[in-house]
Amino acid sequence: MRKELPIWLGTMAGAFVVATRWFTLVNATGVDRMADRLIVASYAAAAAVGFIGLTRVHLRAIDARRPLWGYSIVLLVAMYGYAGLLFFLPASAPLPSWIFLNVMGPVFSTMYGLIAFFITSAAYRAFRVRNLESGILLAAAAIALLGNSAVGGRIWHGWDGLVAWIMAVPVTGGFRAIQVGAALGALGTAVRVLLGLERSHMGSPQG
Amino acid sequence: MTALRRLDRRWLYLGVLLITVAAAVWPLRIAPRPTRETRTAFDLAQALQPGAGVFVYVEYGLGSREEMDPMLAAVLGHLADRGAHIVIAARSPEASQVAETVMGGVAARDPAYAKGYGQTWVNLGYRPAPDVALRAATSGIAAAYNEVDYAGRPLAGMPILQALRALNRTYFALAYAFDSGDGFAPMIYYVGTPTGLPVIIGAISMEVPLLQPYLAAGQLAAVIAGARGAAEYEALAGQPRRADVLVGASAMAAIYVLAVMLLGNLVARRP
């Protein structure tokens with residue numbers, strides 16, 4: 001029962017959503033709106049589970065004095081402090097907005113900005129011309145890099161056209177191939193879940 | 001040469017830091033020539049009649065603000081100049097705050113928008129399961145957003161949503177998504193393709209290759225690409241020039257990364 005019930009639940013939920021998306025006759029009964037409400041409810045439930053799970057993990061870390069347990073205290077204080085604040089004030093009020101924009105803003109910007117450092121290091125160590133293919137890749141990267149930063153257009157008038165061609169032909173073709181492959185893979189996985197053949201999401205080693 | 005081969009990555013990081021500081025202390029302004037995509041986006045907005053409905057979906061977070069805020073401000077400023085009626089929604093709680101801040105700045109410059117909340121523009125904010133809300137909005141905006149706006153005010157009394165009832169071609173002329181991840185996809189899947197509403201995506205530079213197949217297929221009307229696209233749009237629309245400095249900074253960084261790349265190859269090739 002521990003295996004069969006989740007499989008049946010997954011199959012029925014999947015079939016229900018497929019029916020509401022693909023058959024307009026089904027939607028005449030209003031079940032598509034019910035499906036939407038269920039999805040919203042599942043989002044809220046997932047957030048609640050995440051809140052509880054995060055609390056348990058970090059309380060255990062503090063209790064056991066695991067390495068860097070001090071950061072767990074910071075996390076819990078920030079999480080419950082901000083959530084508590086929103087019990088008394090709406091998220092659009094000046095204080096929660098100010099905290100959000102002036103604390104989270106620099107944190108996220110820092111994380112985003114770190115990419116520049118990693119790109120530079122990778123450019124020095126990994127972006128090597130070892131054969132014809134990697135040479136072509138390097139040349140295309142250099143053209144796109146200078147084109148996107150508007151330097152190329154200053155060097156030569158036709159640079160922007162070259163970048164436009166790279167984006168319109170090889171990039172479009174490559175990404176189409178990736179997206180079609182990913183979509184077919186997702187479709188195959190979805191069919192396996194609907195048929196109860198895919199069980200890895202339940203922790204079973206059987207794929 | 002041996003020293004270069006064993007170069008500590010911290011020297012490379014120091015170079016990035018110096019470029020960043022130099023870009024902040026001595027800002028380099030570069031005004032790029034508009035690309036065809038940016039010009040298309042501008043032309044579509046320029047053709048709007050006063051009072052035309054425009055949906056603006058903000059999907060980027062706080063980390064991408066430096067690159068995306070000038071673009072969003074330029075487009076919203078242009079839409080305000082055209083007298084468009086703007087309905088804003090967000091894909092995350094942080095994006096709803098970002099949208100409010102940027103639109104607040106744009107509205108402050110124009111009396112019709114500064115005092116016209118609920119008439120000329122509205123911020124619907126974020127709803128859990130945002131893709132569901134977006135899809136539901138194609139048949140009724142107010143119901144999809146639980147009948148309240150970003151700040152919890154009722155939508156029922158707002159004239160803008162009495163005129164613009166649903167997110168489709170009947171009521172709206174254009175839809176935008178400003179994105180820093182893969183959040184543009186719901187706008188194409190649930191709004192653009194089913195309703196035929198022209199969709200314009202404003203995206204960070206890194207994301208632009210992902211958009212190319214949709215652009216080639218005609219599922220997107222136009223793409224505004226990164227800081228460069230923002231600078232191009234500002235120039236075309238006569239908006240305050242904030243992105244030229246970003247283009248200058250990214251040009252300095254691009255030259256540095258290219259130099260590092262070439263140096264790495266030279267070092268690797270020397271015996």
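So that the names make sense, note that chain A is the first sequence line, chain B the second, and so on, each numbered from 1.
For a residue to count as touching a neighbouring chain, one of its non-hydrogen atoms must lie under 4.5 Å from one of that chain's; by this rule A:Met111 does not touch chain B. There is no contact between B:Met252 and chain A, counting heavy-atom distances below 4.5 Å. Both the backbone and the side chain of B:Ala217 have a heavy atom closer than 4.5 Å to some heavy atom of chain A. Contact annotation for A:Ile178: neither backbone nor side-chain heavy atoms come within less than 4.5 Å of a heavy atom of chain B. Heavy atoms closer than 4.5 Å to chain A are found in both the backbone and the side chain of B:Leu4. Neither the backbone nor the side chain of B:Leu246 comes within contact range of chain A; no heavy atoms are under 4.5 Å apart. For B:Leu210, the parts lying near chain A are the backbone and the side chain together; criterion is any non-hydrogen pair under 4.5 Å. With a 4.5 Å cut-off on non-hydrogen atoms, B:Ala253 does not touch chain A at all. Using a 4.5 Å cut-off between heavy atoms, A:Ala142 touches chain B through backbone and side chain atoms alike. In this structure, the portion of A:Val151 lying under 4.5 Å from any heavy atom of chain B is its side chain and not its backbone.
Contact count against chain A (heavy-atom pairs under 4.5 Å) is highest for B:Pro209 among B:Pro128, B:Ala151, B:Pro209. Chosen from B:Gly15, B:Gly125, B:Pro213, the residue pairing most often with chain A at heavy-atom distances under 4.5 Å is B:Pro213. Of all the listed residues (B:Ala259, B:Pro32, B:Ala251), the one sharing the greatest number of non-hydrogen pairs under 4.5 Å with chain A is B:Ala251. Counting heavy-atom pairs closer than 4.5 Å to chain A, the top residue among B:Ile19, B:Ile255, B:Leu7 is B:Leu7.
Contact of the B:Leu215 side chain with the A:Met167 side chain is not registered, since no non-hydrogen atoms from C-beta on lie closer than 4.5 Å.
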Distance-only donor-acceptor pairs under 3.5 Å across chain A and chain B:
unit_1	atom_1	unit_2	atom_2	d
A:Asp36	OD1	B:Arg135	NH2	2.7
A:Asp36	OD2	B:Arg135	NH2	3.1
A:Ala91	O	B:Gln97	NE2	3.2
A:Tyr112	OH	B:Glu67	OE1	3.3
A:Tyr124	OH	B:Leu4	O	2.4
A:Arg125	NH2	B:Leu7	O	2.5
A:Phe127	O	B:Asn265	ND2	2.9
A:Arg128	NE	B:Gly264	O	3.1
A:Val129	N	B:Asn265	OD1	2.7
A:Val129	O	B:Arg269	NH2	2.8
A:Gly147	O	B:Arg228	NH1	2.6
A:Gly153	O	B:Arg33	NH2	3.1
A:Arg154	NH2	B:Ala31	O	2.9
A:Asp160	OD1	B:Arg228	NH1	3.2
A:Asp160	OD2	B:Arg228	NH2	3.0

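Within 6.0 Å of the OH atom in A:Tyr71, the count of heavy atoms belonging to other residues, nucleotides or ligands does not exceed 12.
Considering CG of B:Leu17 and CZ of A:Phe117, their distance stands at 6.0 Å, rounded to 0.5 Å.
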